[in-house]
Amino acid sequence: MNRLELEAQKAELAALAPELLERPKAETGPKELPPLPDAVEGNVVLRLAPYPSGPLHIGNARAFVLNDAYAKRYRGKLLLVFDDTIGSEEKPLLPEAFDQVKEGLDWAGVEYHEVLYKSDRIPIHYEWGERLIATGEAYVCECDAETLRRNRETALACVHRSQDVDETLAMWKAMLAGTYGEGEAVVRLKTDVAHPNPAFRDRVLFRVAEREHPRVGARYRVWPMLEFSWAVDDHLLGVTHVIRGKDLIMEDLMETRIWDLLEVARRPRFVHFGILRFKDLELSKSRYRREIAEGRLTGIDDPRTWSLQSLMRRGIRPAALREFVLSFGLSQSDIEVAAETLYAENRKRIDKDANRYFFVPEPVPIAIEGLPPVSSVKAPLHPDFPGRGERTLPVDGKVAVARADFEKFRGQEVRLKDFCNVRLDRPARFLSMENRDIPKIQWVDHGVTTVVLMPSGFESRGLAEPAVADLRVDTVVQFERVGFVRIDRVSRAEVRACFAHR
RNA sequence: GCUCCCGUAGUCUAGUGGCCAAGGAUAGAAGCCUCUCGAGCUUCUGACACGGGUUCAAAUCCCGUCGGGAGCACCA
């Protein structure tokens, strides 16, 4: 407030508390995550709970990166627990998703110490469910979904709520025995039918589903809901901290409520992070899955899915993804970030490694008149590291340049980079060899057919210099003035590359 | 509407009562360098949502307003 009297304030402070003036400047080290509440080094147990409806995508990154980072930081344990309860019609389980999820996590450098499946633990959930029913705090409700919803809206208790425990227990057995069909009975927790949050009014804990499960088939027809299965498993598995998105905040309250009723003492702490969104991107596993099935996307590594597999394919480094995600910290505010930020992080890592090559999209063949006899020229593999060597570009007087360059520079003097200066036209006229300060464009001679798959799904076709055909698959290179790409496939007929970013 | 959460530059973030006339990253601008529109170097633009309080001192604590978000499924 009193900026003008800063000196006066300092003087006063010196009188009041001189030590405050001498606090050392905080050192600006590498960014660290805030500590986890009550975390004890070596004693932290975290869990990752993917729902296997498809491969993990970039929108899931916050969950697995944070859990992994904290597990490592505290030298704790990270459990990979597939949350494969039966799901819903709209959100079905996908048998191949289990491996796809692991593949993505492995790529991302996530170290999980144990793999568990919810679907293996159903009998345990039954047992605890029965214990809960025995307390009288849960009941089997035969209302249909519509009635249930209406009652919830109007804060009304249904007749089932006041059944006695024995009757409920009998109904529960009947549920397990298969007396009830899908939608005919659920187990509900007595919270409060008039709870201010309607979502909280007597939540469903178990329901009947007759769908087949990809791992356990038709063995079970009664399936627990997320909050109940986690209340049981977080406790039994000794999870110390649940790090989850804040979209799951209500589940904390449910889990806590269940622990209270079952008198469970050992409970994890909850930590939440905000929703991560990408500008101009709407991520949805179920939608990608549908579009892949319809052939509108080419597969789980189609760049348009933003799956971890697709990032891998584009040459995004796992470390870049990790840094990118960690830079958001653990804040509860929702964030919307541009993919460009991830690219900047990745560019830092690949620029030094990526050798340079020429690629011309939409090639226009051009003969050069008056060219002195040359059979090849050399160009550095990387301009910043001359010691890395050179590549050889063969020349026989008929080059190809990009249509965009041709149209832009037609009739003007340009330099075919690392080669010669010409007046660009069809044909082009040779001018001189020496490097002049005029626009440089890329060119190829004896080019190899090359396709660059763009993030939009568009395939940019063109010609690359011959050396590109000798690159190993998985190499990340830069096509000059185009961008960084990862070599995806090399065959006699063509080279295919995936575009990473500029 | 109800419950809960969050508001620092275009975006993301540091900051937990004095070191902050607010630091970093990214994006943007200018220049240098470079046989790429990449990288590198230099410089610049740009923020504490608002209003009250508490205090010698507030981005930081309290209250209110405004704004944004999440959840409100027999999905996870």
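Heavy atoms only: backbone and side chains are in, while hydrogens, waters and symmetry mates are out. The structure presented is a predicted model; accordingly, all values stated were derived computationally and were not measured. Quick note on labels: first sequence line is chain A, next is B, and so on, each numbered from 1.
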Could you please name the option among B:C74, B:G38, B:C75 that lies closest to any side-chain atom of A:Gln478?
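Of the options given, the side chain of A:Gln478 lies nearest B:G38.
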Side chain of A:Met225: nearest nucleotide among B:A76, B:C5, B:G38?
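Given the options B:A76, B:C5, B:G38, the side chain of A:Met225 is closest to B:A76.
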Distance criterion of 3.5 Å, no angle test: do you see the side chain of [X] paired donor-to-acceptor with the base of [N]?
| X | N | answer |
| --- | --- | --- |
| A:Arg356 | B:G38 | yes |
| A:Glu345 | B:A25 | no |
| A:Asp384 | B:G38 | yes |
| A:Lys440 | B:C35 | no |

Taking atom types as modelled, is there a side-chain donor on A:His195 or A:Asp202 under 3.5 Å from an acceptor on the other?
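The answer is no; no qualifying pair exists.
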Is the closest basic N to carboxylate O distance between A:Asp353 and A:Arg317 below 4.0 Å?
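Looking at A:Asp353 and A:Arg317, the cut-off is met.
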For B:U65, give its Watson-Crick or G-U wobble partner with both distances under 3.5 Å, or none.
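Partner of B:U65: B:A49.
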Treating A:Tyr51 as the side-chain partner and A:Lys91 as the backbone partner, does any N or O pair qualify as donor plus acceptor under 3.5 Å?
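Pair found, side chain donor or acceptor close to backbone of A:Lys91.
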Does NZ or CZ of A:Arg211 fall inside the cone over A:Trp223's six-membered ring, less than 6.0 Å from its centre and within 45° of the axis?
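No.
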Check for me whether A:Arg314 meets the cation-pi criterion with A:Phe484, that is, NZ or CZ under 6.0 Å from the six-membered ring centre and within 45 degrees of the ring axis.
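Judged by the rule (NZ or CZ under 6.0 Å from the ring centre, within 45° of its axis), A:Arg314 is not positioned above A:Phe484.
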A:Phe98 vs A:Tyr117 aromatic rings, parallel, tilted or perpendicular, using cut-offs 30° and 60°?
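Tilted.
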What nucleic acid atoms does A:Arg277 come within less than 4.0 Å of, heavy atoms only: base, sugar-phosphate, or nothing?
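Since only primed, P, OP1 and OP2 atoms lie under 4.0 Å of A:Arg277, the category is sugar-phosphate.
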Base, sugar-phosphate alone, or nothing: which one does A:Gly183 contact when heavy atoms must sit under 4.0 Å apart?
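The residue A:Gly183 makes base contact.
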Just the rounded figure in Å: distance from P of B:C4 to NE2 of A:His195.
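That distance rounds to 9 Å.
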When you compare the protein's N or O atoms with those of nucleotides 7-12 of chain B, which come within less than 3.5 Å of each other, and at what distance?
from	atom 1	to	atom 2	distance (Å)
B:U11	O3'	A:Glu336	O	3.0
B:U11	O2'	A:Glu336	O	3.3
B:C12	OP1	A:Glu336	N	3.3
B:C12	OP1	A:Glu336	O	3.4

